[in-house]
Protein chains: 2
Amino acid sequence: MGSRLSMNGAHLGFARNIPLFRGLTDAEKDSLLKDGGIYAYPRRNTLFIQGDAISSLYVVCAGTVQLSRSTPDGREVTTDIRSAGDTVGEKEMFSSGSRHQVSAIAVDHVEAFKLPAERVRAVAGSNVVLSRNLLASIAQSATQREVEMEHRATMKSSQVISCYLQHLCVSRGFDPRGFTLPYKKSLIASRLGMELETFSRALPVLKENGIAVEGAHVAFRDFDAVDDHTCGLCSVNDFCRAHRKIREERKAEGDEHGPENHSCAVQRI
Amino acid sequence: MGSRLSMNGAHLGFARNIPLFRGLTDAEKDSLLKDGGIYAYPRRNTLFIQGDAISSLYVVCAGTVQLSRSTPDGREVTTDIRSAGDTVGEKEMFSSGSRHQVSAIAVDHVEAFKLPAERVRAVAGSNVVLSRNLLASIAQSATQREVEMEHRATMKSSQVISCYLQHLCVSRGFDPRGFTLPYKKSLIASRLGMELETFSRALPVLKENGIAVEGAHVAFRDFDAVDDHTCGLCSVNDFCRAHRKIREERKAEGDEHGPENHSCAVQRI
DNA sequence: CGGCGTATTGACGCACCTCAAGGTAAGTGG
DNA sequence: CCACTTACCTTGAGGTGCGTCAATACGCCG
């Protein structure tokens with residue numbers, strides 16, 4: 001369920017700036033947001049579970065949400081991980097079928113806007129910008145998913161992990177020279193469709209590819225080696241090249257301690 | 001490239017009735033279709049290849065199109081198979097990025113409407129029904145894709161095939177008591193992310209699950225056994241139950257030759 | 001300290017991939 | 001009509017990456 005919080009300026013300010021609302025006027029955004037409420041979901045609580053009626057679109061303001069599905073034979077598969085700025089339920093809202101096919105679980109303390117699905121559908125039906133944003137968002141994630149399917153079919157686990165870590169670094173704006181995993185390893189392994197043991201065993205292998213993982217700390221040591229395993233799609237290559245360039249420039253400037261500087265610059269691209 | 005054909009009534013009539021255009025007025029449909037042309041693509045020709053600029057939305061009128069991607073290490077992965085009534089390129093049209101990430105190849109002789117992407121985007125921007133249809137279509141296929149990822153992660157190949165055959169039977173409206181595979185086995189195997197040998201070896205195993213495959217002929221013998229391996233999502237269960245019910249009713253009516261009647265009732269759900 | 005959640009490491013089996021050798025069927029040319 | 005080719009599929013043998021089970025180690029907190 002989650003407990004309703006009083007909506008404050010921080011929440012509103014955050015939700016106004018999510019990608020899904022880009023291009024909408026503040027009035028349009030507020031007209032949507034004011035119909036919703038902000039809710040808190042303590043760790044391990046569910047926003048909704050598989051089989052629930054689809055009633056809301058969620059905008060995650062803080063915390064991490066795990067989307068998972070229980071298979072008929074009782075196993076749990078993590079389909080995605082959503083964090084602040086992401087939406088939950090946008091895909092299902094427009095699929096046929098009126099019930100959730102996944103469960104959404106708060107991995108840590110989560111705060112999220114809960115917007116009535118009917119209202120969102122109505123606004124999308126009349127507002128070109130929102131409907132275009134929804135289209136772009138869903139199409140983008142579907143495309144990303146196709147790439148992942150390709151990865152799992154053709155790559156070995158260490159390569160899949162390599163690609164995921166790069167994508168994580170890019171999308172979260174972490175410093176490739178050193179950052180901390182934002183989730184537990186077991187969650188990431190599940191997200192990648194592999195067992196924790198497989199994940200754990202694959203990490204040492206990554207060192208050969210220029211990715212050093214010690215505990216929850218990740219560092220990209222050698223961008224050239226990393227590139228070997230990336231797909232041409234996730235635009236991670238460009239990112240790595242850009243960062244390599246930065247590093248080379250820094251070296252040229254005699255800034256030798258650069259690579260050891262583990263400051264986690266949160267710089268969205 | 002494909003060679004341009006003169007548009008005839010059959011083409012128009014077909015394209016007017018695709019799911020993507022449901023709810024549009026005939027005038028709206030024709031306004032879109034008249035901006036496009038109908039093209040023929042001989043077997044093995046490409047509609048477009050990976051890296052091409054995204055210029056068009058394709059509506060397949062006849063034939064079969066394989067969507068595939070070549071991985072950096074030179075392998076080919078089939079991401080989807082589209083046939084008459086399906087669209088090609090609708091997802092990429094709304095993703096970020098202006099280039100195709102897959103190649104579209106005519107598996108047999110293909111005829112397709114080619115609609116200017118810019119025009120479709122424009123109409124989607126002003127027409128609520130079309131944009132809603134696009135949303136539904138993309139969201140639906142994305143959801144389906146998630147289920148497939150789950151399948152590949154948790155099921156063994158024979159179960160994946162079982163589920164695919166059922167889905168195929170449902171979506172194409174084949175008679176579950178007996179139908180012919182619409183594609184070559186190698187194509188299906190590739191679509192399912194497995195090797196042809198694995199596919200081939202898995203077919204005999206399916207007999208234990210009530211699915212008899214002889215050559216290109218498929219027959220669902222025992223719906224109860226089949227149900228064991230289905231996911232709760234693809235709504236195949238309902239379909240099978242419905243058909244089982246039909247069969248039982250026929251039996252009750254003394255219609256003994258029913259199961260041997262291989263008429264391929266094309267009944268879209 | 002002991003208990004708990006999390007991660008690592010080892011041993012083992014199996015499902016799938018890979019390479020390779022038929023085998024069937026349809027089309028081609030003599 | 002029969003050899004020959006080509007495309008497609010099947011079947012066999014062997015290797016391996018990953019799942020599984022199990023034991024151990026690590027960090028955290030009461």
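Below, chains carry the letters A, B, ... as their sequence lines are ordered, and counting in each starts from 1.
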[N] phosphate, OP1 or OP2, under 4.0 Å from [X] side-chain N/O:
X      : N      : result
A/S157 : D/dC18 : yes
B/K185 : D/dC9  : no
A/S200 : C/dT8  : yes
B/T198 : C/dA15 : no
B/K156 : C/dA15 : yes

Q. In terms of the angle between their ring planes, are B/F48 and B/Y58 parallel, tilted or perpendicular, with boundaries placed at 30° and 60°?
A.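 Taking B/Y58 first and then B/F48, their aromatic rings sit tilted (interplane angle of 30° to 60°).
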Q.
To check you understand the geometry: which heavy-atom pair defines the closest contact between A/D108 and A/G63, and what is its length?
A.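 For A/D108 and A/G63, the tightest heavy-atom pair comes out as OD1-CA, 3.3 Å.
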Q | A/R43, nearest nucleotide to its side chain (from D/dT20, C/dT6, C/dA7) | A |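 Looking only at heavy atoms from C-beta outward on A/R43, the closest nucleotide is C/dT6.
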Between [atom2] on [N] and [atom1] on [X], what's the gap in Å once rounded to a whole number?
X      : N      : atom1 : atom2 : value
A/R44  : C/dC4  : CZ    : C1'   : 12 Å
A/E195 : C/dT9  : CD    : C1'   : 16 Å
B/M194 : D/dC9  : CE    : C1'   : 16 Å
A/D73  : D/dT20 : CG    : P     : 10 Å
A/M155 : D/dC18 : CE    : P     : 12 Å
A/L196 : C/dT8  : CG    : P     : 7 Å
A/E214 : D/dC26 : CD    : P     : 14 Å
B/F199 : C/dT18 : CZ    : C1'   : 19 Å

Q: Begin with the C-alpha distance, continue with both residues' side-chain angles, and end with the deciding distance and a verdict on salt bridge (charged side-chain N to carboxylate O under 4.0 Å, His left out) for A/R99 and A/D52.
A: CA-CA 5 Å; A/R99 311 222 152 250; A/D52 279 359; over 6 Å; no
Q: Show your reasoning for whether side chain to side chain contact (heavy atoms under 4.5 Å, CB included) applies to B/V107 and B/Y183.
A: CA-CA 9 Å; B/V107 170; B/Y183 326 116; 5.9 Å; no
(Q) Hydrogens and angles aside, do A/S95 and B/T143 bring a side-chain donor and acceptor to less than 3.5 Å of each other? (A)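 Indeed, the side chains of A/S95 and B/T143 share at least one donor-acceptor pair under 3.5 Å.
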Between [N] and [X], counting only base atoms on the nucleotide and side-chain atoms on the residue, is there a donor-acceptor pair under 3.5 Å?
X      : N      : answer
A/R75  : D/dT20 : no
A/E197 : D/dC21 : yes
A/R201 : D/dG17 : no

